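Some notes on the structure that comes next.
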Amino acid sequence: MQTPAAPAVPETSVTIPSPVSASGQADHLSQRFVAWVRAAAPYIHAFRGKTFVLGFGGEVAAGELAQTLAYDCNLLAALGVRLVLVHGARPQIEAELDRRGLSPRYHKGLRVTDAAALECVKAAMAVTRIEVEALLSQGLPNTPMAGSFMRVTGGNFVTAKPVGVVDGVDYGFTGTVRKVIAEEIAADLDQQNVVLMSPLGVSPAGEIFNMSMEAVAEAVAIALKAEKLIYLCDAPGLLDSKGGLIEAITADDAEAKLKTGEGMTEDLDLYLPCAIRAVRQGVGRAHLIDRDKDGGLLLEFFTPQGVGTVLTRDPLFRLREATIEDVGALGSVIAPMEADGTLVRRSRERLEEEIERFTVVDYDGVLVGCAALYPFIDERAAEMACVAVVPQHRRAGLGEMLLRRMESRARALGVERLFVLTTRTADWFRERGFREAPPEDLPRQKREMYDVSRRSKVFMKTL
């Protein structure tokens, strides 16, 4: 899925399971399935009644995964998601132009649509829409859509205006969105319909204009104040300089990346500006997902790590001080590292007593990391302890974030030395400016509590 980057905190040791019998394997698979369903439950609750706008090109509509995409859209609708689908038809239009002996014309990535090309656009759009609607209308036995009926609707929900002349190029019947009649779309969604839209619009004068799929999806998502705007594209998402997937990015950082042109593809060049504008104008999230990833929608929305890139106006990861309400979640985060001996066990009572010492990482409302600070003011020292990040986010730089917060808190208290005790993560701390020290260098109170049997190494850093 992505090229591994340097982990934010070192990985815990991995135990290779011993061979199991067929029945044992079945039990294991059953347990994994149950665990997945339970893990997906919070997302199901969160998305029920929310509006998703999904934009996809003609390549998707005509591709091998079109049928499974219809299955996944059906499942989302069954779970209570309000779906608006906006399809494109670029390859279908190209084929129609070729059939009629016409050549496509583009300027700045946008089709130039003269009268002859418009006829090709209308023909291709009509066929593509019918084929997508047919996929969404199936209900055969032994398929994921068995027993279901998706009511697919559409209409003149978008009025258009001409692009006009740009750089001396007359775009003809190429248009842009003038207005989205959001209340009519919302009324259809209220009736549990799935709204399917083609990127064609009519002007008040009755002229038909060809619009880009991505621009229509953006405008509709903004008008509906959608929870999510999703584009299926020709890339796994945005990639970093090493080719690794960028799982989450802010609009500002995405705009900076767009300007560099690094790692951009044809689709990303078109879709990313729309995604940036959408989140800045009130859309909750924008997602870029690989159009060739079977089940990409389900993996993106019902697993913690997802499979694409999510754009937000503000960072998804948020550092904050822990409260008493976090005790249960905090215990879940540190429990695996307590079980393998990386962390010293802490009872719930102890967590409640020491909760004000903890800083936690909040990921879109879910606690995914933590660290605690124990000051020894008389000796101008402090211990950074209980550093933990859930496995699926250990490459997101959260360890660095927590370390910087602990250093900031320590300095505010007048601390001059920050120390840690560790049995497994020595290299990680050494790489971040800590030096190994003997237990005798610990503050007196901590020295008296030092557990010789754990053989923890002491690392110190001067602030």
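Quick caveat: nothing in here was measured; it's all calculated off a predicted structure. Side chains included, hydrogens not; waters and symmetry mates left out as well; all remaining heavy atoms used.
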Any [X] side-chain heavy atom under 4.5 Å of [Y] side chain:
{"X": "Ser198", "Y": "Thr128", "answer": "no"}
{"X": "Val53", "Y": "Leu83", "answer": "no"}
{"X": "Leu272", "Y": "Leu238", "answer": "yes"}
{"X": "Leu224", "Y": "Phe52", "answer": "no"}

Is it the case that the side chains of [Y] and [X] hold a donor-acceptor pair, with the cut-off being a distance below 3.5 Å and no angle test?
{"X": "Arg409", "Y": "Thr359", "value": "yes"}
{"X": "Thr265", "Y": "Asp267", "value": "no"}
{"X": "His287", "Y": "Thr309", "value": "no"}
{"X": "Asp253", "Y": "Thr250", "value": "yes"}

Could you pull out all donor-acceptor pairs under 3.5 Å where a side-chain atom in residues 64-74 meets a protein atom, sequence neighbours excluded?
{"unit_1": "Gln67", "atom_1": "OE1", "unit_2": "Gln138", "atom_2": "NE2", "d": "2.6"}
{"unit_1": "Thr68", "atom_1": "OG1", "unit_2": "Leu65", "atom_2": "O", "d": "3.0"}
{"unit_1": "Thr68", "atom_1": "OG1", "unit_2": "Asp294", "atom_2": "OD1", "d": "3.2"}
{"unit_1": "Asn74", "atom_1": "ND2", "unit_2": "Ser148", "atom_2": "OG", "d": "3.1"}

Which residues satisfy the side-chain contact (heavy atoms from CB on, under 4.5 Å) test with [X], sequence neighbours excluded?
{"X": "Gln445", "result": "Phe376, Met449"}
{"X": "Gln192", "result": "Arg151"}
{"X": "Thr153", "result": "Asp188, Asn193, Val195"}

Using a strict cut-off of less than 4.0 Å between a Lys/Arg side-chain nitrogen and an Asp/Glu carboxylate oxygen, indicate whether [X] and [Y] qualify as a salt bridge.
{"X": "Arg280", "Y": "Glu255", "answer": "yes"}
{"X": "Arg454", "Y": "Asp451", "answer": "no"}
{"X": "Glu407", "Y": "Lys461", "answer": "yes"}
{"X": "Asp326", "Y": "Arg320", "answer": "yes"}
{"X": "Glu227", "Y": "Arg285", "answer": "no"}

Only distances under 3.5 Å count here; give the side-chain donor-acceptor pairs of residues 31-47 to other protein atoms, sequence neighbours excluded, each with its distance to 0.1 Å.
none

Give me each pair satisfying ring pair (Phe, Tyr, Trp, His ring centres under 6.0 Å) with a member in [range], each pair once, sequence neighbours excluded.
{"range": "residues 234-274", "result": "Tyr231-Tyr271"}
{"range": "residues 304-362", "result": "Phe317-Tyr363, Phe317-His393"}
{"range": "residues 429-461", "result": "Phe429-Phe434"}

Residues in salt bridge (Lys or Arg N to Asp or Glu O under 4.0 Å) with [X], at least two apart?
{"X": "Arg411", "value": "none"}
{"X": "Lys446", "value": "Glu383"}
{"X": "Glu214", "value": "none"}
{"X": "Arg346", "value": "none"}

Looking at every heavy atom in both [X] and [Y], which two are closest together, and how far apart are they?
{"X": "Val415", "Y": "Ala382", "result": "CG1-N, 3.7 Å"}
{"X": "Ala388", "Y": "Met337", "result": "CB-SD, 3.6 Å"}
{"X": "Ala217", "Y": "Leu229", "result": "O-CD1, 3.7 Å"}

Next on the checklist: For Glu266, is the CD atom crowded, meaning more than 12 foreign heavy atoms sit under 6.0 Å from it?
Outcome noted: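 12 or below, so no.
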Checklist entry - Would you find more than 12 non-hydrogen atoms of other residues, nucleotides or ligands less than 6.0 Å from Arg405 atom CZ? => result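 Yes.
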Item to check | Criterion salt bridge (charged side-chain N to carboxylate O under 4.0 Å, His left out) on Arg432 and Glu400, from CA distance to verdict | outcome: CA-CA 9 Å; Arg432 283 150 183 84; Glu400 299 276 6; 2.7 Å; yes
Checklist entry - Is there a salt bridge (charged side-chain N to carboxylate O under 4.0 Å, His left out) between Lys257 and Glu262 once you walk through the steps? => result CA-CA 7 Å; Lys257 183 171 181 59; Glu262 182 184 88; 3.5 Å; yes
Is the backbone N or O of [Y] less than 3.5 Å from a side-chain atom of [X], with the two atoms forming a donor-acceptor pair by type?
{"X": "Arg447", "Y": "Glu440", "result": "yes"}
{"X": "Arg90", "Y": "Gly58", "result": "no"}
{"X": "Ser137", "Y": "Glu133", "result": "yes"}
{"X": "Arg455", "Y": "Thr423", "result": "no"}

Item to check | Residue pair Glu436, Arg430: steps toward the salt bridge (charged side-chain N to carboxylate O under 4.0 Å, His left out) verdict | outcome: CA-CA 8 Å; Glu436 190 169 357; Arg430 187 180 287 113; 3.8 Å; yes
Next on the checklist: My understanding is that only one of Val360, Leu398, Val333 makes a side-chain contact (heavy atoms from CB on, under 4.5 Å) with Val368; could you say which?
Outcome noted: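 Among the candidates, only Leu398 passes.
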Next on the checklist: Evaluate Leu85 against Val194 for side-chain contact (heavy atoms from CB on, under 4.5 Å), listing each step before the verdict.
Outcome noted: CA-CA 8 Å; Leu85 309 180; Val194 172; 4.1 Å; yes
